[in-house]
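Worksheet for the structure shown next.
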Amino acid sequence: MNKLILCGACLVCVMLILVGCGSSVGEKATQYNFKQGTPELNVQLFDNAPPEKIYPKSSFKFIVELDNQAAYDVSNGKLSIIGLDTTYFTVSPKEQTFEPLLGRSLTSPAGDKIFVEFDGESHNLFHGSEQYSGNFILKAEYASTMEFVDTVCINPNLYDVYDAGCAVEETKSYSGQGAPLTVTRVEEIITPGSFPEIEFRLFLSNSGQGNVKDVTFMNAELGGKRIECQFQGSVDTRKFTLKETDSEIVLICKKQIMENLDSYMTTLSADFAFTYESVDQHSLTLVK
């Protein structure tokens, strides 16, 4: 009887420990912020597809792994194999679209992953040739989004030295919002007067391994209320097409604020859409 009671007590203790551990893991999962850093859609060839060595007149596969590690969904995806010398190799199709992929989130912590296949075929080597090696480009193009959110200090009356509220930070820096397109810093400028105006300058940059092609400003809010913004130096104030010489782009947001208020903390947010291109070089080797 004593042994049964002891075993039962031990079982209860083990169950309590397991429940406690499960709760801790669950709490950590719900607290994790996926919208940080600069992750993106990882594009890579599957092992041995294509093989390291290919023989004449043979068929083989290109298998491409697409793994969305960003915190945002990917859509309008297109994958291409470019630059193969058709004297030695052919690929079919040369280009194909791929389905939307979910980004990492509390409901999808790993993000979506898929595999896309292309059919390859080799031809003959020229007479006397022992082997041929040729390069090709694996290119992925897609659309995605990025959200910026932070808490900022607003002080309409800069000359009130007795205001014991928050202090305005003229410049704040950031390390990423969970996408290759990032807001790297924000500058805050307050113009005092009868009708004080606040200006935020959001500096955006391509922090990924590929290329951000263009950025579209979707919406911005200050304290839950819409704030007007436009890109600096762009003909289209809501869209910016990046050139190779552009290291960063600037979104300028302005809003009039009420005077004679104490300083206070509030939320600044901005949403963006962008198109992205990933380009990687690989090689194929044809041997006898």
Does any N or O in the side chain of S234 come within less than 3.5 Å of the main-chain N or O of K239, such that one atom is a donor and the other an acceptor? yes
Linked, directly or transitively: Y264 and F200 (ILVMFWY side chains, under 4.5 Å): yes
Rounded distance (nearest 0.5 Å) linking atom CD1 of I189 with atom NZ of K254: 8.5 Å
Look up atom CD in Q36 and atom OG in S175, then write down how far apart they are to the nearest 0.5 Å. 7.5 Å
Is it true that E248 and R185 have a side-chain N and a carboxylate O under 4.0 angstrom from each other? yes
Please check: side-chain N/O of D112 versus main-chain N/O of L101, any donor-acceptor pairing under 3.5 Å? no
Where do L79 and A140 come nearest, in terms of heavy atoms and distance? CD1-CB, 3.7 Å
I198 and E188, any side-chain heavy atoms less than 4.5 Å apart: yes
So which atom in D246 and which in K243 form the shortest heavy-atom distance, rounded to 0.1 Å? OD2-N, 2.8 Å
Is the distance from the ring center of F34 to that of Y32 below 6.0 Å? yes
Might you work through the side-chain contact (heavy atoms from CB on, under 4.5 Å) test for L251 and F272, ending with a clear yes or no? CA-CA 11 Å; L251 183 76; F272 304 90; 3.7 Å; yes
Partner of I249 under side chain to side chain contact (heavy atoms under 4.5 Å, CB included), picked from D214, L204, V212, is L204
Side chain to side chain, F89 and Y132, heavy atoms closer than 4.5 Å: yes
By ring-ring contact (aromatic ring centres under 6.0 Å, His included), which residues pair with F60, not counting sequence neighbours? F62
Is it the case that more than 12 heavy atoms not belonging to K172 sit under 6.0 Å from its NZ atom? yes
Transitive ILVMFWY side-chain link V279 to L84, under 4.5 Å: no
Here the gap from L202 atom CG to Q232 atom CD, rounded to the nearest 0.5 Å, amounts to 12.0 Å
Does the pair S133 and S283 meet the rule for a side-chain contact (heavy atoms from CB on, under 4.5 Å), with working shown? CA-CA 7 Å; S133 292; S283 65; 5.7 Å; no
Write out all pairs satisfying disulfide bond (SG atoms under 2.5 Å apart) with one or both partners inside residues 54-132, taking only residues at least two apart or from two chains. none
L284 vs F136 side-chain heavy atoms within contact, under 4.5 Å: yes
Less than 4.5 Å apart, side chain to side chain, heavy atoms only: is that true for E187 and F203? yes
Using only heavy-atom distances, determine whether the side chains of S58 and S122 contain a donor-acceptor pair under 3.5 Å. yes
Are any non-hydrogen side-chain atoms of L138 and V64 less than 4.5 angstrom apart? yes
List the atom of G176, the atom of T182, and the distance in Å for their closest heavy-atom pair. CA-CG2, 3.8 Å
Taking every heavy atom of T266 against every heavy atom of G223, the minimum-distance pair comes out as OG1-CA, 3.0 Å
I'd like to check L125 versus K288 (side-chain heavy atoms, cut-off strictly below 4.5 Å). Are they in contact? yes
Ignoring hydrogens and angles, tell me if any N or O in the side chain of N68 forms a donor-acceptor pair with the backbone of A70 under 3.5 Å. yes
Looking at I252, is its backbone amide N or carbonyl O close enough to the side chain of R201 to form a donor-acceptor pair, meaning the two atoms are under 3.5 Å apart? no
Does one hydrophobic cluster hold both M265 and I257, with members joined at side-chain heavy-atom distances below 4.5 Å? no
Under 3.5 Å, is there a donor-acceptor pair between the side chain of R104 and the main chain of G111? no
Checking T285 side chain against K53 main chain: does a donor-acceptor pair fall under 3.5 Å? no
For K139 and E141, run side-chain contact (heavy atoms from CB on, under 4.5 Å): C-alpha distance rounded to whole Å, both residues' side-chain angles, the deciding distance at 0.1 Å, then the answer. CA-CA 7 Å; K139 182 169 77 170; E141 301 168 88; 3.5 Å; yes
Cut-off 3.5 Å, no hydrogens considered: what does the side-chain donor-acceptor table look like for residues 38-52, sequence neighbours left out?
{"from": "E40", "atom 1": "OE1", "to": "Q209", "atom 2": "N", "distance (Å)": "2.8"}
{"from": "E40", "atom 1": "OE1", "to": "Y276", "atom 2": "OH", "distance (Å)": "3.3"}
{"from": "E40", "atom 1": "OE2", "to": "Y276", "atom 2": "OH", "distance (Å)": "3.1"}
{"from": "Q44", "atom 1": "NE2", "to": "E65", "atom 2": "OE2", "distance (Å)": "2.8"}

What are the two closest non-hydrogen atoms of P56 and L286, and how far apart are they? N-CD1, 3.7 Å
Heavy-atom side-chain contact between E121 and D119 under 4.5 Å: no
Exercise: do T107 and S105 side chains pair donor with acceptor under 3.5 Å: yes
Run F274 and T145 through side-chain contact (heavy atoms from CB on, under 4.5 Å) and show every step you take. CA-CA 6 Å; F274 65 95; T145 58; 5.5 Å; no
Do the side chains of K35 and E147 get close enough for a salt bridge, i.e. N-O under 4.0 angstrom? yes
Do S205 and T184 get their side chains close enough for a donor-acceptor pair, meaning under 3.5 Å? no
Of the options T237, L242, D236, which is the one that meets F240 in a side chain to side chain contact (heavy atoms under 4.5 Å, CB included)? L242
With a 4.5 Å heavy-atom cut-off, do I114 and F98 have their side chains touching? yes
Interatomic distance, K255 atom NZ to C229 atom SG [nearest 0.5 angstrom]: 10.0 Å
Does a donor on one side chain and an acceptor on the other come within less than 3.5 Å for D150 and Y174? yes
Spacing of CG belonging to D85 relative to OG1 belonging to T90, to within rounding of 0.5 Å: 11.0 Å
Donor-acceptor pair, Q177 side chain versus V183 backbone, under 3.5 Å? yes
Quick one: closest heavy-atom pair of I154 and C166, and the distance? N-SG, 4.2 Å
What I want to check is whether the side chains of R226 and N219 have a donor and an acceptor closer together than 3.5 Å. yes
Look up atom CG in N76 and atom OG1 in T275, then write down how far apart they are to the nearest 0.5 Å. 10.0 Å
Can I227 be reached from V168 by stepping across I, L, V, M, F, W or Y side chains whose heavy atoms are under 4.5 Å apart? yes
Under 6.0 Å between ring centres, would you say that holds for Y88 and F126? yes
